[in-house]
There are 2 protein chains.
Amino acid sequence: MSTPHVPEGYDPHAYEPFAVTVDLAVFTVRDNRLHVLLIERGEEPYKGAWALPGGFVQPRESAEQAARRELAEETGLDPVTVESLHLEQLRTYSEPGRDPRMRVVTVAYTALVPDLPEPRGGSDAARARWVAPVAYERLAFDHQRILADAHDRVGAKLEYTCIATGFCPPEFTVGELRQVYETVWGVELDRANFRRKVLATPGFVQPVEGPPRLTGGRGKPAALYRAGTATTLHPPLLRPEGRHS
Amino acid sequence: MSTPHVPEGYDPHAYEPFAVTVDLAVFTVRDNRLHVLLIERGEEPYKGAWALPGGFVQPRESAEQAARRELAEETGLDPVTVESLHLEQLRTYSEPGRDPRMRVVTVAYTALVPDLPEPRGGSDAARARWVAPVAYERLAFDHQRILADAHDRVGAKLEYTCIATGFCPPEFTVGELRQVYETVWGVELDRANFRRKVLATPGFVQPVEGPPRLTGGRGKPAALYRAGTATTLHPPLLRPEGRHS
DNA sequence: CAAATAGTGTCTATAAGACATTATAGT
DNA sequence: ACTATAATGTCTTATAGACACTATTTG
């Protein structure tokens, strides 16, 4: 239960307090590589090290509200966009000693964002940057672990949900959607089979109405689609390595 | 980050403190129905109401350690068994006001247990009982929601992991394993196809060595199996309703 | 005997993997 | 012309659904 074992005469202020924070693993796809938003710490501990954006949960807000607030502050995205973003609770990290100063329990969230508004450093964040995974090195606290867990979760969720469209702009091509999968999974997918699968899944994507606009760099221009209304994939779109039977 | 925005001269005790608790949704299968372990609250608020077992995270333990400790206390299972149990972090519930007394953030865990040792009420838990889901009514706090989320999660995890064996005793029949799926999902599965799928998935189950012992109530005795070493199912074992394409 | 469950086998439907072919753009 | 990508189509393979059939127990 939520509040069992409350000793008689329990005084909330008498206990060693827990601080509750949120941390965010904000992913985007850039140049066919997965990037994550990191900020440079301006204070000890880990001063000068890179860390996931985040902050304290305020007394009157939920952890998710705190995560959206911090996301807006750190990225400079407008609040309306942040409200509609796909924000998923990853898990909570509570090991004693994960913060050297005091007991801090953090609720980690994962967010997927499409384009790349270069982050404007938040009020107190010294610097904010999109960093490619190869540079995931020596993050502050246990953020290395959180980031690895977040990456795993995103990869797994691509298999049985429609979150991949969260990486794409409002209108996108099947090729762009395929590159999301290829980038996150680190594999190459068959263009034809991927296309068949996506279009055969009702509600995954829907063609942009009106004359089928085409766009593209080199090669034949591709038709544009929008994210559909479905949230899960049935049957799932499994990673190639997944099938080993 | 975990501790950003620390005001100058921050004093941990000066803030309104957060309490951090764990709550457990402990499931078992009994009489072909899913049951969950509930305890009756002995104190206000919600005195006399049923609630999920749980308790405070102590200053020097992680949330998972707290969950295992509480699980051992509430169920009377021996510590060795509790250590090896499948314990999965469900999610964290942090809405302000979910506890009327103070700000309580709870980390919810899901556990699957095989047999049914009638719970001996813990030291402070007034009463503990296995309750069938039809009786999931009016739980204390937001435990109704936590329980619903836990049920959903278990059902989803049956599709692509091997956790179903967590509901079974050390040695079990394919029929017992199938009944786990049928009970959690609330559907009937084809016996033959289920058997084929389970045995074709490497590492899901392994036959008990030695002479193929058989057991069973009425009907032909069934061969015994143990849980295998695999943790995930590739390809997954999807719910019948899942396929609607 | 009937009823119930275990276990095997078979046919079919569906979905995915492999891969060929055509179309349309840029260089 | 050459290359890159889009889009379509086809063949094969793998897996799941449906279901018949036998085997072995209890009542």
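Numbers restart at 1 for each chain; the letters A, B, ... are given by sequence-line order, proteins then strands. All values below were derived from every heavy atom in this structure, side-chain atoms included, with hydrogens, water molecules and symmetry-related copies excluded.
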- Look at A/D149 together with A/R153 and state whether they make a salt bridge at an N to O cut-off of under 4.0 Å. no

- Do any side-chain nitrogens or oxygens of B/K197 fall under 4.0 Å of OP1 or OP2 in D/dT15? no

- Partners meeting ring-ring contact (aromatic ring centres under 6.0 Å, His included) with A/F194 (sequence neighbours left out): A/Y181

- Task: Measure the distance from CG on B/L177 to C1' on C/dT5 and round it to the nearest whole Å.
- Result: 16 Å

- Task: Identify, with sequence neighbours excluded, every residue that meets salt bridge (charged side-chain N to carboxylate O under 4.0 Å, His left out) alongside B/E182.
- Result: B/R178

- Task: Could you check how far CG of B/L233 sits from P of D/dA14, rounded to whole Å?
- Result: 20 Å

- Task: Measure the distance from CZ on B/F194 to P on D/dA16 and round it to the nearest whole Å.
- Result: 12 Å

- Residues in side chain to side chain donor-acceptor pair (under 3.5 Å) contact with B/R226, at least two apart in sequence or another chain: B/E171, B/E209

- For B/R239 and D/dG17, give me the distance from atom CZ to atom P, rounded to whole Å. 14 Å

Give the table of side-chain donor-acceptor pairs shorter than 3.5 Å for residues 161-169 of chain B, with sequence neighbours excluded, one pair per line with atom names and distance.
from: B/T161; atom 1: OG1; to: B/K157; atom 2: O; distance (Å): 2.6
from: B/T161; atom 1: OG1; to: B/I163; atom 2: N; distance (Å): 3.3
from: B/T165; atom 1: OG1; to: B/C162; atom 2: O; distance (Å): 3.0

- For B/L238 and C/dA16, give me the distance from atom CG to atom C1', rounded to whole Å. 14 Å

- By salt bridge (charged side-chain N to carboxylate O under 4.0 Å, His left out), which residues pair with B/R91, not counting sequence neighbours? none

- Query: Which letters describe nucleotides 5-13 of chain D, given B = protein heavy atom under 4.0 Å from base, S = only from sugar-phosphate, - = neither?
  - Reply: BBSBBB---

